[in-house]
Structure formats: structure tokens, C-alpha cells
Amino acid sequence: MENPEIARMLAETADLMEIAGEDPFRIRSYRNAAAAIENHPERIVDILRDPSRDVTAIPGIGKGLAAALREIAERGSFARRDEMLAKYPPTALELLRIPGVGPKTVRALWEHFRVSTIEDLARLCEEHRIRELRGMGARTEQKILEGIAHYRQVAGRFLLNHAAAVAAELAPLVNGTPAGSLRRGKETVGDLDILSTDPGAIGRFLAHPSVHEVLAHGETKASARFGAEGLQVDVRVIPPESFGAALQYFTGSRQHNVALRQRALKMGFTLNEYGLFTVEGQRRVAGDTEEGVYEALGLAWIPPELRENHGEIEAAERRALPALIEERDIRGDLHMHTRESDGRATLEEMAEAARQRGYAYIAITDHSKALAMANGLDEKRAVAFAAEVRRFNASGRGIEVLSGLECDILRDGRLDLAEDALLELDFVVASVHSYMNLEPAEMTARLLRALESPAVKALGHPTGRVLLHRDAYAYEFETVAKEAARRGVWLEINASPERLDLHAALIRRARELGCRFVISTDAHHPKHLANMRYGVQMARRGWLTASDVVNTMEPGALRAALRRQA
DNA sequence: GCCGTTTTCGGCCCGACTGTTTTCAGTCG
């Protein structure tokens, strides 16, 4: 059993215990243990198997949880979990994912109505029976229905990093290439397409232990759900002479392909997943490589991230596609957290992980005090932290650390910390974490006011969206982007797979308005630094080149740019 | 449940909003 699976088991048990109304501190222990295990570099089952090792050496694992872990390793579950599952059906966990529905509501639904599925809950709301519960009224029924609608809208879609992880496991197994929205770097993925020319691909795919619920199984295509999360994966076997055409076809997008096929017809060709053929005589013109298909259509090869029919075909015809930024252009990461607030590693550990990635610099940007739940820094701690960073840099560790802060933007647009303290720091990214449903005009004014401070160098996760969970907050993006450009405040492209904020369309628009960008992972753990690839992909989808992105600069140039901003 | 003791108990981040209440419970971050 792998660590993420163990972690999920503990977290689900914690959710069920919360529904049961058990001691909140005990529940937190389960959640802490789940987080510790999820992020642990070694397999927990290996540690358990080794008599010279002690699993309680992991912070957050004590005697009780160690016993539970041994039980999980032995039989795939543990007593507390079994007990909880005897009390509440597993479908109750899904109800918790509806915005506005929490553990107390789930418990009341089960005790009063024996309801634990989304379908039944929706019916109760429609029949106005929720109001039979104490403290619930018509407005609550309406809110729950809205929450269910939102949940259904995002159900069945997966975050980019999840699809990428599945692809990384399956593609080598089937000698395949991932296509589809994953290859285009779209922020969420509905299903995963993998193309292969290996006739044995389908057999090996279906034999994988995490493959279940086979939806289709033929000579050239198999379709199945993968893993506990159930991402649908399609594996297709393609004749080698058609591989390029198939890769093009299955990468999409649909709009891009439609435009490409129209172009082919005008040129006397017909394009499908098997190749590019002459209309007269069906003679094969291209198909073994993607480059060949585009070339035969008079186009430069188009990077997958641009294939949305948003002008890329015209640019490819003029040979005027931008030289898109690449991950290797990135020289540092300017947004990350440590244990000082809600991160899980130390300054030293984050810096070392960044150095191993080949970065020249990072900024440590812990939260500010308004985020009390994250143990955010006040002025005194922020200034002390800057001194600590100076000491670190003086010790010569092969990477330059900038002292920074992710400073909360308060409701009225003021910054959470006093300006003189902020000006002691090298890099301040200002972010909204509260009051996210203000009226658009008020939110716009709030952001404009935050941009006024000379201490603010960047605007963090500028729209506040959380993928599959929460929409962007409403404000006049154009107005704010223009002001950011005028003041030289950079817009963050937050590379966390849960956010990917800004998205492509806004990046492109902001660039037209003169903005510059910083791509940042918002890492809370060393392993999150690897999420940079998703931010770069989002920047590519926004047509950015390396010169649009400030953290492609060498350290000296970046320092100079930061001074100019002040 | 874990942890760190002032070492076997007591503390463990908390403030604000919403919808329902008439003093508060539930949810969220």
C-alpha cells in the first residue's frame, strides 16, 4: 500500500469521526498524521516492515496511530475506521464535498432521514423537507441546492497534477504518449488519452492493478477507470504511419481541429486521425509525425498549449508564433511557505530543495498575521525573519534567499502589516484570503488600494479561484491589471495545481495591458517546488515568452528590478 | 490522538459570516 492511500484512509476516518461529533483534537491528530504520511519521502509500509525503524519517529505519529498503521499494513483497514463505517455509509463522505454542507448537517441528515447520497439530499431540498431540521430554513434549502449544482458541474473532472501522475505511471508501461487536455496543459482534465504504437499496450494497461471498471476493450482501444479516484483512461494503439495524425487529432482542442480540417479542405486535403490525404485519390500526404501534418498544411508546428483556435493557426501560417517560455528558463521561485506559518519544512530545507532544482534564488513568503489559522507573522516576527535570512545568505549555501512575505490584503484594501516593516523585506506578494464575496466595485477598489503601497511587488493568486471548488471573486480585472502595469506590480501566475491562477485568457489580456508576471509555486513543502511545470504551462497557454516572466532573470537583474519597483 | 513537559496531564491557531435564531450553531478558511 502506498502512502497517499494510507493518508486518504486516515483523512476519511477523521471526516467520519467529525460527523459522529467526536473530540475535535483527536480528529485533528488523524488529519495531521494523514498530512505527515502523504508528504513522507519513504513508504510507510517499508518502515513498518523494518524492525530497526520506528514509525513514531515521524512527527504526528504516536503509539495509537502506529498501531493503526500496522493494522492497515496487515489487513487494509483499522478498527476505528471499521467502527465508523459501521455507523455511517461511505457515501456520507461525498456530502461533505458540497459547499455549505458540513459534518453536523451530514449527521442530522442521516439521523433524521437516513439520507447519505447527493441524489436523496437534492430531493429533500426540493420537497422542502430540510426545514424540518432545527436551525434550517428555506434559504438553507436553496443554498444546499446551489452547492449541489456546483458540485455536479465539477464532478468527473480532475486536477492537472492528478492526471499527470496517472500518465507518468501508465505511459511508460504502454510505451505511450499522453495526448488530450493533459498535453495542452488545461487546468482540469476530464479523461486521459494515451497513444501507443505498441500492439501489447492494451493488454499491459488492463493488467495494471489499479485499473478497474473496464468500459471498453477492443483491438485498438481500451477504456477503463484508474485508481480510487476513477479517472477515465483511454489507451489507443495506432499504426506507426498514422501516429502523428492521431497525436494531433487526440490532442485537440476540438475547436483547433475543426479549424485545421477546414483549412485542409480548402487546400484540397482531408484530415482525420489516420493522416492527411488528398481529396482526389485519397493519397497520403502526411501522418507519421505531427510536424509533418502541420507542415503539409503550410503551418509551423504549434505547441499543444496554444491549440485553442485563438489565433495560433494564423500565427503559425505567418511563422509568427511566440517563442514560449520553458521550464528551464526559470531561475527561482518567489512564493513559498515554511513552518514559520503553515508550511511543513524549514527555510533550510526549502532552500536546499530549490538549490537541487538548479535555482539561483528563492523568496520565502510566509503568511501575515491576519491569517491567524496559519500562524501568520506580525511586524516583529517579519523583521526578525528578515534578519534570519540575512544570516542564512551570509553562510553561503549556494542559493540566494530573499526575505519575503505573503501579506494579506484586508477588507478595505489596507495591508495587514505596517509599511515600514514591509519595506524591510526584499519581496512582498499581496494576496486576498478573506471577504471574497464583496461587491465587484468594492473588490476592485480594495485591490487598487493594495497596489498603492510601494512595498507590494506582486499580486498573489490574482483571481482567488480554487479549481473544482471555488470560482474567482468578482472584480474589474482590466482596471486592476492596468494599474498593476502602471505601477510595475507583477501579477502572479500561481502554479499550485489547485489554483493555476491566473488562467490563460487573463494572462494574455494582462500582457496586452503591459503587465509582467512572476510564476510561483506557493509551495508548502519541498516537493511542491516541482509544481513549477504547471505554472509554466499556464504561462505558455497565455502566450508568454521568457522575457514576460521576471523569475527568468538572473539574480542581479532581479535585485535591480525589485529596487526599481520601490 | 499527539506532544512536552513545570514529564503521565493539560493544551492543542481562531475570527467572521450566514441563516437561523432571540442568543447561537454551523461552516469556512
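Below, each value reflects all heavy atoms present in this structure, side chains not excepted, and no hydrogens, waters or symmetry copies. In what follows, chains are A, B, ... by sequence order, proteins preceding strands, each numbered from 1. Small disclaimer: the values here were computed from a predicted structure and weren't measured.
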Chemist: Encode nucleotides 7-16 of chain B as B, S and - characters from 5' to 3', where the letter depends on protein heavy atoms closer than 4.0 Å: B to the base, S only to sugar-phosphate, - to neither.
Modeler: -----BB--S
Chemist: When the C1' atoms of B:dT20 and B:dC13 are compared, how many Å lie between them, rounded to an integer?
Modeler: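 Looking at atom C1' only, B:dC13 and B:dT20 are 27 Å apart.
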Chemist: Establish, with yes or no, whether the OP1 or OP2 oxygen of B:dG29 is under 4.0 angstrom from a side-chain nitrogen or oxygen of A:Ser434.
Modeler: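 For A:Ser434, the contact criterion (side-chain N or O under 4.0 Å from OP1 or OP2 of B:dG29) is not met.
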Chemist: Please state how far atom CZ in A:Arg134 lies from atom C1' in B:dA25, giving the value in whole angstrom units.
Modeler: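 For the pair A:Arg134 CZ and B:dA25 C1', the rounded distance is 9 Å.
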Chemist: Starting at atom OH of A:Tyr473, determine the distance to atom C1' of B:dC17, rounded to an integer number of angstrom.
Modeler: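 From A:Tyr473 OH to B:dC17 C1': 18 Å.
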Chemist: Report the C-alpha separation of A:Arg31 and A:Glu18 in whole Å, then their side-chain angles, then the decisive distance to 0.1 Å, and conclude whether the salt bridge (Lys or Arg N to Asp or Glu O under 4.0 Å) test is met.
Modeler: CA-CA 11 Å; A:Arg31 295 229 167 93; A:Glu18 199 164 24; 2.9 Å; yes
Chemist: I'd like the P distance from B:dG29 over to B:dT23, given in whole Å.
Modeler: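 After rounding to an integer number of Å, I get 30 Å for this pair.
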Chemist: So, for A:His525 and A:His337, is the gap between ring centers shorter than 6.0 Å?
Modeler: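 No - the distance between ring centres of A:His525 and A:His337 does not fall below the 6.0 Å cut-off.
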Chemist: Mind checking the C1' distance from B:dC17 to B:dT7? Whole angstroms is fine.
Modeler: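 42 Å, rounded to whole Å.
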Chemist: When the C1' atoms of B:dT8 and B:dG1 are considered, how many whole Å apart are they?
Modeler: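 Going atom to atom, C1' in each nucleotide, I get 15 Å.
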Chemist: Among the nucleotides B:dT27, B:dT18, B:dG1, which one has an atom lying closest to any side-chain atom of A:Arg80?
Modeler: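 It is B:dG1.
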Chemist: May I ask you to test the A:Met350-A:Ile364 pair for a side-chain heavy-atom distance under 4.5 Å?
Modeler: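 Yes, close enough: below the 4.5 Å cut-off.
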Chemist: Using atom P in both nucleotides, what's the gap between B:dG11 and B:dT5 to the nearest angstrom?
Modeler: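 About 16 Å, rounded to a whole number of Å.
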Chemist: With a 4.5 Å heavy-atom cut-off, do A:Val166 and A:Phe158 have their side chains touching?
Modeler: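 No, side chains not in contact.
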Chemist: Please figure out whether A:Pro99 or A:Gly137 has its closest DNA chain B nucleotide nearer the 5' end.
Modeler: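 Looking at the nearest nucleotide for each, A:Gly137 comes out on the 5' side.
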Chemist: Using the side-chain heavy atoms of A:Thr140, tell me which of these nucleotides is nearest: B:dG1, B:dG19, B:dT27.
Modeler: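 Nucleotide nearest to A:Thr140's side chain: B:dG19.
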Chemist: Using the ring centroid of each side chain, check whether A:Tyr361 and A:Tyr359 are separated by less than 6.0 Å.
Modeler: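 When the ring centroids of A:Tyr361 and A:Tyr359 are compared, they turn out to be at least 6.0 Å apart.
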Chemist: Could you state the CD-P distance from A:Glu18 to B:dG1, rounded to the nearest angstrom?
Modeler: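 The distance from CD of A:Glu18 to P of B:dG1 comes to 16 Å, rounded to the nearest Å.
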Chemist: Measure NZ/A:Lys63 against P/B:dC2 and give the value in whole Å, please.
Modeler: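 Nearest whole value for this atom pair: 9 Å.
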Chemist: Roughly how far apart are A:Tyr435 OH and A:Met443 CE, rounded to 0.5 Å?
Modeler: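 One gets 11.5 Å once the value is rounded to the nearest 0.5 Å.
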Chemist: Roughly how many Å apart are B:dT21 and B:dT27, using the P atom of each and rounding to a whole number?
Modeler: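 Each nucleotide's P atom is 15 Å from the other's.
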Chemist: Between B:dG29 and A:His469, is there an OP1 or OP2 to side-chain N/O distance shorter than 4.0 Å?
Modeler: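 Result: yes.
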Chemist: Find the partner of B:dC28: check Watson-Crick (N1-N3 plus N6-O4 or O6-N4) and G-U wobble (N1-O2, O6-N3) distances, both under 3.5 Å, and reply none if neither fits.
Modeler: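 Here B:dC28 is engaged in a pair, and the nucleotide opposite it is B:dG15.
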Chemist: What is the nucleic acid contact for A:Ala370, judged by heavy atoms within less than 4.0 Å: base, sugar-phosphate only, or nothing?
Modeler: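 A:Ala370: no heavy atom of the nucleic acid under 4.0 Å.
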Chemist: How many Å lie between NE2 on A:His524 and C1' on B:dG29, as a whole number?
Modeler: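 Computing the A:His524:NE2 to B:dG29:C1' distance gives 12 Å.
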Chemist: Find the distance A:Arg107:CZ to B:dA25:P and express it as a whole number of Å.
Modeler: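 These atoms are roughly 14 Å apart.
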Chemist: Rounded to the Å, how far apart are A:Ile130 CD1 and B:dT20 P?
Modeler: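 Roughly 12 Å, once rounded to whole Å.
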Chemist: Of A:Leu529, A:Thr365, A:Ile519, A:Asp522, which meets side-chain contact (heavy atoms from CB on, under 4.5 Å) against A:Asp333?
Modeler: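 Among the candidates, only A:Leu529 passes.
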Chemist: Sticking with atom P, work out how far B:dC9 lies from B:dG19, rounded to a whole angstrom.
Modeler: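 Between the two P atoms, the distance is 46 Å.
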Chemist: Going by the angle between their ring planes, with limits at 30° and 60°, are A:His433 and A:His461 parallel, tilted or perpendicular?
Modeler: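 Correct class here is perpendicular.
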Chemist: In whole angstroms, how far is the C1' atom of B:dG19 from the NZ atom of A:Lys143?
Modeler: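 It is 8 Å, rounded to the nearest whole Å.
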